[in-house]
Amino acid sequence: MISFRKKIFDIVKKIPEGTVLTYKQVAEMAGRPKAFRAVGNALNKNHNPEIPCHRVIRSDGKTGGYNRGSEEKIKILKKEGWGSGATI
DNA sequence: CGTATGACGTGCA
DNA sequence: GTGCACGCCATAC
């Protein structure tokens, strides 16, 4: 991992279906628990369909944003099981 | 190189 | 319980 950004992509790509992590969790996995802001930045600039950024949500339980639209993000998460009682 | 921005998080009123 | 303001890091220009 050269750039912090690449690390974020790798972590998000490894997120299994039905599992949703918060920006804070991803930042912690990346080694910078205080860089949760940079995490969202990386995902925001990310336009790769290989990155399931929809599995990354806020610590408040809100979805935050999504390249394709927040509504799609919520729709996918609900489809994967998020909001079915497991929530975050 | 320096400044500005951003899909956030936490603390306090 | 809700709302406002501040602080943090990385990337882009």
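If you're wondering where the values come from, they're calculated on a predicted model, not measured in any experiment. Below, chain A is the first sequence line, B the second, and so on; all start at residue 1. Atoms considered below: every heavy atom in the structure, side chains included; atoms not considered: hydrogens, waters and symmetry mates.
When the P atom of B:dG9 is taken as reference, atom CD of A:Gln25 falls 11 Å away, rounded to whole Å. Nucleotide B:dA7 holds its P atom 20 Å from the CG atom of A:Leu21, rounded to whole Å. Rounded to a whole Å, the NZ atom of A:Lys6 is 18 Å from the P atom of C:dA10. A straight line from OH of A:Tyr66 to P of B:dG6 spans 21 Å, rounded to a whole angstrom. The distance from atom CD of A:Glu28 to atom C1' of B:dG9 is 13 Å, rounded to the nearest whole Å. Atom pair A:Asn41:CG and B:dA4:C1' shows a separation of 11 Å (rounding to whole Å applied). Per the geometry, CG belonging to A:Asn46 stands 15 Å off C1' belonging to C:dA12, to the nearest Å. For the pair A:Asn44 CG and B:dA4 C1', the computed distance is 15 Å after rounding to whole Å.
Across all strands shown, A:Lys45 has heavy atoms under 4.0 Å from base atoms, whether or not it also approaches the sugar-phosphate. Across all strands shown, A:Ala35 has heavy atoms under 4.0 Å from sugar-phosphate atoms exclusively, and none from any base.
At a threshold of 4.5 Å between non-hydrogen side-chain atoms, the residues A:Phe36 and A:Thr22 do not count as touching. In this structure, A:Leu43 and A:Tyr23 have side chains that are in contact, with non-hydrogen atoms separated by less than 4.5 Å. When side chains are defined from C-beta on, A:Ile74 does not count as touching A:Tyr66, because their heavy atoms never get closer than 4.5 Å. Looking only at side-chain heavy atoms (C-beta outward), A:Val56 and A:Val20 stay at 4.5 Å or farther from each other.
Checking the phosphate oxygens (OP1, OP2) of C:dA10, no side-chain nitrogen or oxygen of A:Lys34 falls inside 4.0 Å. Residue A:Arg32 places at least one side-chain N or O under 4.0 Å from the OP1 or OP2 atom of C:dA10. At least one side-chain nitrogen or oxygen of A:Arg5 sits closer than 4.0 Å to the OP1 or OP2 atom of C:dA12. Note on A:Arg58: a side-chain N or O is less than 4.0 Å away from OP1 or OP2 of B:dG9.
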Check the pair A:Arg5 / A:Lys45 against side chain to side chain contact (heavy atoms under 4.5 Å, CB included), numbers first and verdict last. CA-CA 10 Å; A:Arg5 213 177 126 195; A:Lys45 290 176 182 170; 4.3 Å; yes
Determine, stepwise, if the pair A:Lys24 / A:Val39 fulfils side chain to side chain contact (heavy atoms under 4.5 Å, CB included). CA-CA 8 Å; A:Lys24 197 178 178 182; A:Val39 176; over 6 Å; no
Could you list all N or O pairs between the protein and nucleotides 11-13 of chain B that sit under 3.5 Å apart?
none

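The stretch residues 67-76 of chain A touches DNA chain B through A:Asn67, A:Lys73, each having a heavy atom under 4.0 angstrom from the strand.
Nearer to the 5' terminus of DNA chain C, by closest-nucleotide assignment, is the contact made by A:Phe36 (compared with the other of A:Ala42 and A:Phe36).
A:Arg55 is linked by a salt bridge (charged side-chain N to carboxylate O under 4.0 Å, His left out) to A:Glu80, counting only residues two or more places apart in sequence or in another chain.
A salt bridge links A:Arg58 with A:Asp60; the closest basic N to acidic carboxylate O contact falls under 4.0 Å. A:Lys14 and A:Asp10 are joined by a salt bridge, as a carboxylate oxygen and a charged side-chain nitrogen come within less than 4.0 angstrom of each other.
A:Thr63 approaches A:Lys73 most closely through the heavy-atom pair O-NZ, 2.6 Å.
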